[in-house]
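Below is one structure, written out as C-alpha cells; the observations come after it.
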Amino acid sequence: MYVQWYVIQVMKGRKDAMAALIGRVVPKCLLQEVFSPKYETEIKVRGRWVPVQKPLLPGYLIAICDDPKAVEAMLLDMDEFARLLAQGNEFVPLTPDEVEIIGGFTKPGNRVVPMCV
C-alpha cells in the first residue's frame with residue numbers, strides 16, 4: 001500500500017522542535033514519519049569550509065501517513081501552530097514526482113539531501 005506524503009505548516013524557526021513534538025503526540029499508528037527535509041552544504045567559517053544542514057522547505061514539515069484527517073485532528077488539539085496544507089476541504093499530498101525527489105535522495109531517520117546531489 002502506498003502511503004501519502006503531506007505538508008504541515010509550522011512557525012518559522014520551529015521546524016525541528018515541532019517535528020519532535022508531533023512525533024511524540026501523534027500515535028505511530030496514524031503517522032509513519034514526520035520530518036523537516038534538509039539539504040547539506042558548506043559555509044565558510046574563519047577561512048575553513050564547514051559542512052552544515054539547511055532547511056529544504058523553510059516553515060514546513062513532511063508527514064507520511066494514510067489518514068490525514070486524523071493527523072489534522074491531533075494537530076488542532078496541540079497548543080502550538082501546526083496545520084496540514086489543504087485545498088478547499090481536501091488535504092493535498094505531494095505528487096509522486098515530489099516524493100521521488102525527496103525520498104530518492106534521503107532515507108527514514110536521515111532526511112538530508114547530500115551535498116553531492
Side-chain angles (χ1 to χ4, degrees):
M1 182 173 132
Y2 178 72
V3 180
Q4 299 284 348
W5 291 28
Y6 295 90
V7 176
I8 299 176
Q9 182 181 14
V10 296
M11 297 298 291
K12 185 179 177 189
R14 300 276 302 143
K15 294 174 305 308
D16 292 332
M18 289 303 294
L21 176 63
I22 293 166
R24 286 191 310 272
V25 170
V26 180
K28 290 286 184 198
C29 62
L30 292 179
L31 184 64
Q32 184 175 329
E33 184 180 2
V34 61
F35 61 93
S36 170
K38 298 180 176 146
Y39 68 95
E40 195 173 70
T41 189
E42 289 184 339
I43 60 171
K44 202 167 195 178
V45 178
R46 292 184 216 128
R48 292 183 43 197
W49 289 101
V50 178
V52 295
Q53 294 178 358
K54 301 270 188 169
L56 190 60
L57 303 169
Y60 297 98
L61 303 175
I62 294 179
I64 302 175
C65 67
D66 58 5
D67 189 353
K69 289 180 184 179
V71 172
E72 176 71 359
M74 300 285 301
L75 296 178
L76 291 172
D77 283 341
M78 293 181 4
D79 290 335
E80 296 204 46
F81 176 80
R83 300 293 180 266
L84 264 151
L85 292 187
Q87 187 171 6
N89 292 327
E90 295 293 321
F91 297 107
V92 181
L94 293 178
T95 66
D97 288 343
E98 293 166 328
V99 171
E100 185 178 329
I101 288 169
I102 296 170
F105 294 117
T106 67
K107 61 184 177 193
N110 184 19
R111 296 297 187 174
V112 180
V113 176
M115 183 171 50
C116 61
V117 177

Side chain to side chain donor-acceptor pair (under 3.5 Å) partners of residues 11-29, not counting sequence neighbours, each pair once: R14-E80, D16-K38
Side chain proximity check, E72 to F91, heavy atoms < 4.5 angstrom: yes
OG-CG distance between S36 and L56, expressed to the nearest 0.5 angstrom: 8.5 Å
Flag side-chain contact, heavy atom, 4.5 Å: L94 against V7: yes
Residues, nucleotides or ligands: over 12 heavy atoms within 6.0 Å of M78 CE: yes
Find the distance between OH (Y6) and CG (L31) and round it off to the nearest 0.5 Å. 12.0 Å
About how many Å separate CD1 of I22 and CD1 of I8, when rounded to the nearest 0.5 Å? 4.5 Å
Any P108 side-chain heavy atom under 4.5 Å of Q32 side chain: no
Cluster overlap L61 with M74, hydrophobic side-chain contacts below 4.5 Å: yes
Quick check on the hydrophobic clustering: are V3 and V99 connected, directly or via other members, by side-chain heavy-atom contacts under 4.5 Å? yes
For the OG1 atom of T106 and the OH atom of Y39, what is their distance to the nearest 0.5 Å? 15.5 Å
In terms of hydrophobic clustering (I, L, V, M, F, W, Y; side-chain heavy atoms under 4.5 Å; direct or indirect links), are V34 and L75 co-clustered? yes
Check this for me: E100, atom CD, are more than 12 non-hydrogen atoms of other residues, nucleotides or ligands nearer than 6.0 Å? no
Within one Ile-Leu-Val-Met-Phe-Trp-Tyr cluster: L21 and M11, side-chain cutoff 4.5 Å: no
Would you say Y60 and V25 are hydrophobically clustered, going by side-chain heavy atoms of ILVMFWY under 4.5 Å? no
So, taking the atom named CD1 in I62 and the one named CD1 in I64, what distance separates them when rounded to the nearest 0.5 Å? 7.5 Å
Distance in Å, K69 NZ paired with L84 CG, rounded so as to fall on 0.5 Å steps: 12.0 Å
Does some side-chain heavy atom of Q9 sit less than 4.5 Å from a side-chain heavy atom of F81? yes
Step-by-step side chain to side chain contact (heavy atoms under 4.5 Å, CB included) determination, V113 to I102: CA-CA 7 Å; V113 176; I102 296 170; 5.7 Å; no
Heavy-atom pair of closest approach, residues L57 and P37: CD1-CG, 3.8 Å
